[in-house]
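Below: one structure in structure tokens.
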Amino acid sequence: MAAPEVNHLFHHPIADHSFSADRQTLAVARENNIDLYQRSGDKYTLKDELTGHDKTVTGVDIAPKSGKIVTCSQDRNAYVWEHSPQGGWKPTLVLLRINRAATCVRWAPSESKFAVGSGARLIPVCYFEEEDNWWVSKHIKKPIRSTITSVAWHPNSVLLAAGSTDGHARVLSAFVKGVDERPEPSPWGERLPFNTVCGEFLNNTAGWVHSVAFSPSGNALAFASHDSNLTVVYPSQADQPPKAVLSISTQVLPFMSLLWSSETEIIAAGYNCEAFRLQGSEDGWQLAGSLESKGRPGVQDQREESALNMFRQMDLKGKVTDDTKLKTVHQNTINTIRPFEEAGGNVTKVSSTGVDGRVVIWSL
Amino acid sequence: MANVNWRTINIDALDPDSPANFDLSSLTPSVTPVSTADVQSTAGQIRQLLRGGDNEGALQGALENPPYGGDDKGKEVHLATVIEILQSIRQADMSPILSRLYSAPGGTEVLDVLMKYIYKGMAQSNAANAANTANSSRMLTPQHTSTRMLTPQTTGFSQISSRGGEGGGQAMSVLLSWHEKLVEIAGPGSIVRVMADRRTV
């Protein structure tokens with residue numbers, strides 16, 4: 001396992017990040033702006049800055065095929081940024097019609113629409129109306145009782161998973177007539193008009209949900225909640241109780257973000273400042289360990305060990321070892337973890353960002 | 001209209017869908033109601049085990065049936081039972097018992113329940129102490145007692161005010177050593193779960 005690639009961008013929290021499909025461009029949400037970094041050699045250099053939001057940016061997503069960037073912010077707006085041929089980025093305002101902050105945003109795999117989570121207890125699903133040359137939003141409203149903290153798309157671009165602070169992870173239909181084709185029947189359901197509730201899941205502790213994700217096939221759903229649980233749901237068929245709902249109570253602090261690297265492996269990271277690997281199937285899941293290689297030689301923790309340095313440390317700080325650094329690569333909570341590189345349907349590298357302003361790329 | 005300060009209007013109260021206007025318990029898994037009599041009878045069975053010297057069985061039995069659906073009285077009875085068991089187990093036996101409970105099926109759940117009782121016990125022994133000191137020092141002016149009663153709530157450093165009651169301090173030290181051993185095994189995840197869980201003991 002190769003050592004993780006660490007890039008310390010700045011001393012600010014990164015709310016969300018996204019890589020372009022060619023992995024040359026990195027977009028990070030930094031306060032009210034989105035910073036675009038260009039890869040040069042093994043470093044990332046600041047290339048562009050997308051300004052327009054006037055409150056903290058909470059979500060950013062680059063569409064892999066079209067390269068369009070969607071961002072959302074606590075100012076209740078979303079923008080779609082397109083690269084203009086003359087250079088520079090042209091923003092288009094999307095009217096979300098929400099009265100609370102937008103919390104997260106994700107492109108559907110089809111890239112014809114995106115979903116925004118919000119504090120207004122609804123999910124605007126936005127698509128482009130050719131006739132009016134305008135992004136239109138349709139609201140998923142019904143069973144949502146509280147802020148949506150995360151959204152994730154099913155590979156068919158119709159089903160949407162949403163995690164909420166009311167403790168539920170829901171699977172909803174975001175089918176838009178004229179934009180989507182009728183989806184293949186799946187274990188989640190067959191007829192899926194807009195706002196169909198295909199499932200509402202809750203674990204025993206009912207902590208608020210931080211992150212949701214569909215497995216690569218779309219036939220399983222995982223969600224991580226603030227009770228340090230990670231729950232995996234295997235649906236059976238429409239209107240039937242799921243085949244299995246497996247809850248893993250971990251010993252570590254809650255996970256903020258998770259992704260499926262394959263059908264049998266989940267990578268999750270959060271308040272422990274390190275990423276964990278979980279493995280399992282319908283029969284059970286367990287925590288398989290950390291992505292950090294413990295006692296990595298020669299990284300950070302190994303400092304100059306001369307007598308001079310020792311006495312200098314004792315003089316300056318009254319102690320020899322510097323214990324203000326965490327043993328993990330990230331020095332604060334990890335907010336977002338995303339697939340970076342895939343091979344043969346499995347994710348082989350993931351990227352993580354957190355409150356410490358670092359972007360770390362991990363080989364699995 | 002002009003003199004209505006619209007910034008102070010509670011818009012949530014006017015929105016029928018707002019969280020202020022629906023029953024929060026509809027968001028949590030439902031709990032079955034338990035009568036105080038039932039709690040008392042299980043407490044009796046558990047005491048039987050305890051008298052027979054089976055501390056571990058008693059602890060497991062008590063933690064597997066927490067009266068989530070009970071009323072305050074029932075919950076208090078069960079808390080007293082759990083505290084009694086905890087106090088009857090020697091410090092050296094704590095870790096082995098905890099690791100056996102943890103490795104049993106449903107072990108994390110059992111230890112989470114234990115964590116809930118430890119926190120509840122800590123809260124309880126403070127309250128009991130405050131009441132004790134208040135009772136034992138009746139001659140104090142009412143003003144004085146009331147400040148005493150208030151101190152634990154306002155500062156949060158309740159141990160300071162409960163120094164007088166030696167019995168409470170002992171109960172607290174038992175709970176603290178259980179807490180230490182429990183975190184070693186169940187990790188900080190257990191604490192977070194107890195804080196997030198709406199099923200209270």
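Numbers restart at 1 for each chain; the letters A, B, ... are given by sequence-line order, proteins then strands.
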Are any of the side-chain heavy atoms of B:Arg198 and A:Thr205 separated by less than 4.5 Å? no

Quick check: are there more than 12 heavy atoms from other residues, nucleotides or ligands sitting under 6.0 Å from CD of A:Glu282? yes

Just wondering, are more than 12 heavy atoms of other shown residues or ligands nearer than 6.0 Å to CZ in B:Arg51? yes

Separation of A:Asn229 CG from B:Asp197 CG (nearest 0.5 Å): 9.0 Å

Below 4.5 Å from any heavy atom of chain A, which atoms of B:Leu111 appear? Answer side chain, backbone, both or neither. neither

Interface residue of largest heavy-atom contact number with chain B, from A:Asn204, A:Ile144, A:Asp166, under 4.5 Å: A:Asn204

Test side chain to side chain contact (heavy atoms under 4.5 Å, CB included), reference B:Pro188, set A:Val252, A:Leu253, A:Asn272, output is A:Leu253

Relative to chain B, which segment of A:His168 carries a heavy atom at a distance below 4.5 Å: side chain, backbone, both, or neither? side chain

Indicate yes or no for a side-chain donor-acceptor contact from B:Arg193 to the backbone of A:Gln251 under 3.5 Å, with no hydrogens or angles considered.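 No; judged by distance alone, with no hydrogens or angles, the pair does not exist.
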
Over all atoms of both residues, closest heavy-atom pair of A:Gly207 and B:Ala196: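 Closest pair (atom of A:Gly207, atom of B:Ala196, distance): CA-CB, 4.2 Å.
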
Any side-chain heavy-atom pair from A:Asp227 and B:Met195 closer than 4.5 angstrom? no

Chain A contact via B:Tyr68 - side chain, backbone, both or neither, heavy atoms under 4.5 Å: neither

Should the heavy atoms of other residues, nucleotides or ligands under 6.0 Å from CG of B:Asn10 be counted, would the total exceed 12?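 Result for CG/B:Asn10: enclosed.
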
